[in-house]
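First the proteins, then the strands, lettered A, B, ... as listed; each starts at 1.
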Amino acid sequence: MNRAAENLCLSLLSNCRTLRKLKQIHAFVYKSGLETDPLIAGKILLLSAVQISDAIDYARRLFIHHPNPDVFMYNTLIRGESESDSPNNSVSSFVRMLGESYSPPDSFSFAFALKAAANLQCLKTGFQLHCQAMVRGLDTHLFVGTTLVSMYGECGYVEFARKLFDEMNEPNVVAWNAIITAYFRGNDLSGADRMFGLIPCRDLTTWNVMLAGHTKAGDLERAKGLFLRMPSRDDVSWSTMIVGFAHNGCFYEALQVFRELVGSGNRPNEVSLTGVLSACAQAGAFEFGKVLHAFIEKIGFVWISSVNNALLDTYSKCGNVLMARLVFERMPGKKSIVSWTSMIAGLAMQGYGEEAIKLFHEMEESGTRPDEITFISVLYACSHAGLLERGHEIFSKMTGHYNIEPTIEHYGCMVDLYGRAGQLHKAYNFVVQMPVPPNAVIWRTLLGACSFFGDINLAEQVKKRLSELDPDNSGDHVLLSNIYAVAGKWKDVDTVRRLMAEKNMKKTPGWSMIEVDKIMYRFVAGDKLNDITEEAYNKLSEITLKLKVEGGYVPEVGNVLHDIEEEEKEDTLSKHSEKLAVAFGMARLCKGSTIRIVKNLRVCKDCHSFMKSISKVYKLDIVVRDRSRFHSFKEGSCSCRDYW
DNA sequence: ATAGGGTTAG
């Protein structure tokens, strides 16, 4: 009878995919008095520690309450913890195991604990484990040796990894894959390629290692070539390509590979989904993001926190905080630091400073310790909402209460905080007194503020420092020349322009994107004519006329670089990519639907008032995400309250 | 039960 119950439990467990279901089965196991059955306890631990995402806390509790865990259970816990958010727990479990006389660590224990050291990139821990393995004569074990190669590679000691590899008795394909990965880790692409040529036989992982190595190095052409050449592909190959494209800003390609993946009859896994969602977030592909959301609900990935985090980020980067908030509130289990930080950043981008700070306090109360990224998001929220006092408080809290050493990015946020508020000299003094030497980004932030508030004297001073640090940056010259243009100092404008021409500096072309029928269209300022741009230009002149007549729109020519005739200036302005994108959206989208634009640079003052005017005259909502924040235009005003 | 893919900011 007990035998029958045991078989029933085992068969239930073999089909278990979610923590929810596992808990139900676990309850049944208790009812049947089988909780100490080694086979069943081992399987439940394996599921919660390794096979089900985000269930490691459950696994730990289960382990603690289990009397005399065997070697398998120890190894399973060490394994699960090595891949969790805190791999140091894995090392602690290993140390605890060392103290148990009845279950000494075996080759598996070492392999998993070494994996934790690799994930921690902690050479000291790895080396200590290596020594322990030598004492027990396990360092020559094939699996342990392979993980040692991998660990040293991960910790940046590629030469040493190579030495161990050369000393291995008969390295198999897995060991070869580990040494190739180590070469990539050390940025030695030709070394990796050389080993790829020497390897006696290749398996699927060998190819996947090559894909990952080249996408991480930014060589997507090479990766794509390998992807097409490889004899077969699995879900890791697909997700490597999707994530690789997404990380390198090639969202179009990322979406395309995802479509191919689905088109070829495969079911995307959670990694492909997080990758493609990240591409949607960057591109602002709201409609496609919603399709993915539906898909995620349908196949039950709502239980995976990484997918939820990516989804939350997609909604907030597409300008829909309400949906982001909904995903955030409905997330199962404990919210991770990534969930909190993404939600805070989402509110910050919309200018909801108070709400972001409120959420930050909720996070603190929930017992999740904010990290340096969280503070960047909160400080960003303060600077974009003009909350000087709060920004100051939070900065002090970071250093005082949380003992987090500010990085140059945190100082950048503070400069931005003062700069955006127009306290330019306070910002300047802050930069001069910073304990870290200011870099180009810091000075550029200040130059941007000088440009917004038209402080020519300070701008010239700041530009001098920038010329020392990053003399060939075109954006800085454009900013300076804009400052002169606004002040009508055309001689100075000319000097800057000539310098730019002499040095052959190219302006970063501004582009804007808009999604129509789940396809992203990209417009570049002064684009050549084709069917799409012609449609946009035609609609744009119609809109401009209507705005001038009915909305009292007057082009603000101050931001135009050249000292040319008024009419010509207006012509340059009218080619700004965000205007083309909006016009295209108005021509193509259903009447009354919100227009969503993503722009790579910051929106100019003229385009800003143009959008306001459209929202009033056409009674249309427009959401523009620029380099720095969201602008939601409604009934003639913008959510940024002209503070950007 | 060794190797390969993962979401947050700048």
For [X], which contact category applies under a 4.0 Å heavy-atom criterion: base, sugar-phosphate, or nothing?
| X | value |
| --- | --- |
| A/T240 | sugar-phosphate |
| A/E372 | nothing |
| A/T205 | base |
| A/F72 | base |
| A/N75 | base |
| A/V243 | sugar-phosphate |
| A/D234 | base |

In whole Å, what is the span from the [atom1] atom of [X] to the [atom2] atom of [N]?
| X | N | atom1 | atom2 | result |
| --- | --- | --- | --- | --- |
| A/I344 | B/dG10 | CD1 | P | 13 Å |
| A/F301 | B/dT7 | CZ | C1' | 14 Å |
| A/F258 | B/dG5 | CZ | P | 20 Å |
| A/F184 | B/dA3 | CZ | C1' | 13 Å |
| A/E154 | B/dT2 | CD | P | 16 Å |
| A/N119 | B/dG6 | CG | P | 12 Å |
| A/R202 | B/dA3 | CZ | C1' | 16 Å |
| A/D106 | B/dA1 | CG | C1' | 9 Å |

Reported CD1-to-NE2 distance for the pair A/I394 and A/H361, which is rounded to 0.5 angstrom:
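Going from CD1 on A/I394 over to NE2 on A/H361, the span is 5.5 Å.
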Between the base of B/dG6 and the side chain of A/T274, is there any donor-acceptor pair under 3.5 Å?
no
Can you list, by residue number, the residues of residues 211-221 of chain A that have a non-hydrogen atom closer than 4.0 angstrom to DNA chain B?
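Contacting residues: A/A212, A/K216.
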Neighbours of DNA chain B within residues 335-342 of chain A, by heavy-atom distance under 4.0 Å
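Those residues whose heavy atoms fall under 4.0 Å from DNA chain B, taken from residues 335-342 of chain A in numerical order, are A/V338, A/T341, A/S342.
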When you measure from the side chain of [X], which nucleotide among [options] comes out closest?
| X | options | answer |
| --- | --- | --- |
| A/S150 | B/dA9, B/dA3, B/dT2 | B/dA3 |
| A/D313 | B/dG10, B/dG5, B/dA9 | B/dA9 |
| A/T147 | B/dG5, B/dG6, B/dT2 | B/dT2 |
| A/T146 | B/dT7, B/dA3, B/dA9 | B/dA3 |
| A/A178 | B/dA9, B/dA3, B/dA1 | B/dA3 |
| A/F112 | B/dT8, B/dG5, B/dT2 | B/dT2 |

Check each of A/T147, A/L114, A/L164 against A/Y152 using the side-chain contact (heavy atoms from CB on, under 4.5 Å) test, and report the only one that passes.
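Option passing the side-chain contact (heavy atoms from CB on, under 4.5 Å) with A/Y152: A/L164.
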Would you call [X] and [Y] a salt bridge, taking side-chain N to carboxylate O under 4.0 Å as the test?
| X | Y | answer |
| --- | --- | --- |
| A/R185 | A/E154 | yes |
| A/R325 | A/E329 | yes |
| A/E100 | A/R96 | no |

Is the shortest side-chain heavy-atom distance between A/E253 and A/N248 below 4.5 Å?
no
Are the aromatic ring centres of A/F360 and A/F375 under 6.0 angstrom apart?
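Centroid separation for A/F360 and A/F375: below 6.0 Å.
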Are A/W176 and A/F165 an aromatic pair, judged by ring center distance below 6.0 Å?
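Yes.
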Picking from A/F143, A/F94, A/Y74, what satisfies ring-ring contact (aromatic ring centres under 6.0 Å, His included) with A/F110?
A/F94
Is there a side-chain contact between A/H410 and the phosphate of B/dG10, meaning an N or O under 4.0 Å from OP1 or OP2?
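So the side chain of A/H410 is outside the cut-off, no N or O lying under 4.0 Å from OP1 or OP2 of B/dG10.
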Most 5' of A/S53 and A/D203 on DNA chain B, judged by nearest nucleotide
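Nearest nucleotide further toward 5': that of A/D203.
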In chain order, what residues pass the salt bridge (Lys or Arg N to Asp or Glu O under 4.0 Å) check against A/K397, with sequence neighbours excluded?
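Applying salt bridge (Lys or Arg N to Asp or Glu O under 4.0 Å) to A/K397 gives A/E364.
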Check: A/S107 main-chain N/O paired with A/R136 side-chain donor or acceptor under 3.5 Å
no
